[in-house]
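Note sheet for the following structure.
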Amino acid sequence: MPKRQKYRKSQRGKIRGKANKGNTVAFGEYGLQSTQAGWINSRQIEAGRITSAHFLKGSGKVHIRIFPHKTVTATPQETRMGKGKGEPEYYVACVKPGTVLYEIGGVPKEVAKQVMNRISHKMPVRCRFVERREE
Amino acid sequence: MSVPLSIKQRSLIGSNACKRVRQSGDVPGVLYGEKKESLHIQFSNEDFVTYQRQKDRILALQMDGKEQEAIVQKVQYDSFGDEVVHVDFLRISSDKEITVPVELDFKGTPKGIQFGGATNIRLKKVNVTCLPSDIPKSITVDISGLDISEQLRVKDLGSSDKYKVANHSETMLVIVRPPRKAKGKTAAEGEEEK
């Protein structure tokens with residue numbers, strides 16, 4: 001979750017279009033790219049990180065390219081209608097199609113594929129494995 | 001050696017015109033440099049993909065029976081990085097030096113790996129200044145002698161008569177990181193305990 005926020009609550013908004021930034025593998029050798037738009041919450045991002053740490057056992061380096069900036073509020077159960085907007089419940093990262101979610105470096109391609117496959121199971125959006133593009 | 005690519009001049013410019021060019025199976029592009037007027041062009045996507053698969057850097061752009069040597073300055077891709085959207089070509093002349101990025105080819109396994117170190121490659125390409133005919137396909141770097149915490153910098157690349165490395169001499173290329181202290185392990189173990 002963010003350390004500091006200007007506003008505690010935010011509106012939901014819409015995710016329009018494709019990713020025009022954050023859509024290339026920048027730090028590692030291989031990456032996991034989202035092919036759908038959606039919200040990825042902080043727990044899902046952390047679950048991805050943990051699964052990669054378990055699998056890699058200290059080898060390689062994983063970069064997380066998304067951050068949950070957006071607050072999601074919810075009203076408690078069995079609450080009557082009204083009384084204003086609910087309290088912040090969790091945080092999400094808004095992801096557009098094409099966004100690179102995770103990157104990995106320092107491991108062979110086969111290992112990177114296995115790691116990204118494990119991470120993709122924790123993600124609420126469809127993902128694909130991508131390699132760094134040589135220009 | 002140069003790779004031939006036939007190009008056509010396009011009169012319509014702008015995003016809508018480029019969209020129509022792409023729909024027809026071509027790629028829009030622009031050719032500039034050598035203090036001549038820039039030229040809006042289009043060319044076959046298939047031909048360009050074939051060029052990208054080859055290791056040769058210099059293109060021989062053919063238009064109306066004339067040939068112009070050029071290099072690719074910038075390639076723009078779509079959001080998913082699959083399709084080429086636009087290409088910038090830079091005119092070159094055989095007698096003028098140019099600066100181009102050249103891939104580094106790291107050979108060998110560092111000594112420090114045996115003691116738990118990890119190779120951290122910081123720079124995969126260096127800028128090389130040379131004549132177009134002398135552009136190396138890659139520069140081979142031997143990293144087998146690197147021990148833990150040892151590093152290789154641009155100045156260690158050695159010199160060549162044909163080209164000059166344009167990067168700062170102190171820029172780090174590769175370092176063998178010492179083994180990480182149980183930080184990753186504790187995180188993993190902590191999760192298991194939960």
Side-chain angles (χ1 to χ4, degrees), chain A residues 15-37 43 46-64 95-101 103-108 111 115 118 122 126-135, chain B residues 48-49 51-55 57 71-88 100-106 109-110 113 116-125 127 137-138 174-194:
Chain A
I15 304 174
R16 292 190 177 97
K18 293 172 194 162
N20 286 322
K21 54 185 179 178
N23 57 355
T24 52
V25 179
F27 301 100
E29 294 287 318
Y30 309 99
L32 188 71
Q33 190 181 44
S34 159
T35 56
Q36 281 184 323
R43 288 177 168 208
E46 179 64 4
R49 190 196 64 78
I50 289 168
T51 194
S52 65
H54 269 260
F55 190 79
L56 290 169
K57 296 188 179 79
S59 67
K61 177 137 184 77
V62 175
H63 303 265
I64 302 171
V95 164
K96 286 181 176 185
T99 309
V100 173
L101 311 175
E103 285 180 24
I104 187 166
V107 290
V111 177
V115 173
R118 277 159 190 264
K122 308 289 180 193
R126 285 194 178 177
C127 307
R128 65 174 195 167
F129 179 77
V130 285
E131 287 180 47
R132 179 188 272 269
R133 188 174 55 227
E134 297 301 334
E135 281 177 23
Chain B
F48 187 72
V49 171
Y51 156 75
Q52 281 187 312
R53 287 199 193 114
Q54 297 174 9
K55 284 270 177 181
R57 305 293 286 273
I71 56 166
V72 172
Q73 183 80 346
K74 193 179 182 185
V75 184
Q76 289 175 34
Y77 291 89
D78 70 338
S79 294
F80 291 102
D82 297 333
E83 300 284 323
V84 177
V85 174
H86 189 272
V87 184
D88 283 21
V100 285
V102 172
E103 218 171 285
L104 294 173
D105 187 11
F106 295 100
T109 313
I113 294 283
T119 321
N120 188 357
I121 294 168
R122 294 283 181 89
L123 209 64
K124 283 163 190 154
K125 282 177 180 181
N127 289 328
K137 284 183 178 172
S138 65
V174 60
I175 182 168
V176 179
R177 271 200 331 252
R180 261 186 264 170
K181 283 176 196 168
K183 192 186 168 189
K185 273 187 184 175
T186 46
E189 280 162 11
E191 286 304 317
E192 279 164 14
E193 280 164 20
K194 280 179 191 174

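Convention: sequence-line order gives letters A, B, ...; per-chain numbering from 1. In what follows, every heavy atom counts, from backbone to side chain, and hydrogens, waters and symmetry copies are set aside.
Chain B forms more heavy-atom pairs under 4.5 Å with one residue of A/Asn20, A/Leu56, A/Asn23 than with any other, namely A/Asn23. For the set A/Ser34, A/Gly106, A/Pro97, the count of heavy-atom pairs under 4.5 angstrom toward chain B peaks at A/Pro97.
For B/Glu103, the part lying near chain A is the side chain, with the backbone staying farther off; criterion is any non-hydrogen pair under 4.5 Å. Both the backbone and the side chain of A/Thr35 come within contact range of chain B, each with at least one heavy atom under 4.5 Å from a heavy atom of that chain.
Counting all heavy atoms, side chain and backbone alike, A/Arg128 lies closest to B/Phe80 at NH2-O, 2.8 Å.
Note that the CD atom of A/Glu29 and the NZ atom of B/Lys124 stand 3.5 Å from one another [nearest 0.5 Å].
Counting non-hydrogen atoms of neighbouring residues, nucleotides and ligands closer than 6.0 angstrom, the NZ atom of A/Lys18 reaches no more than 12 such neighbours.
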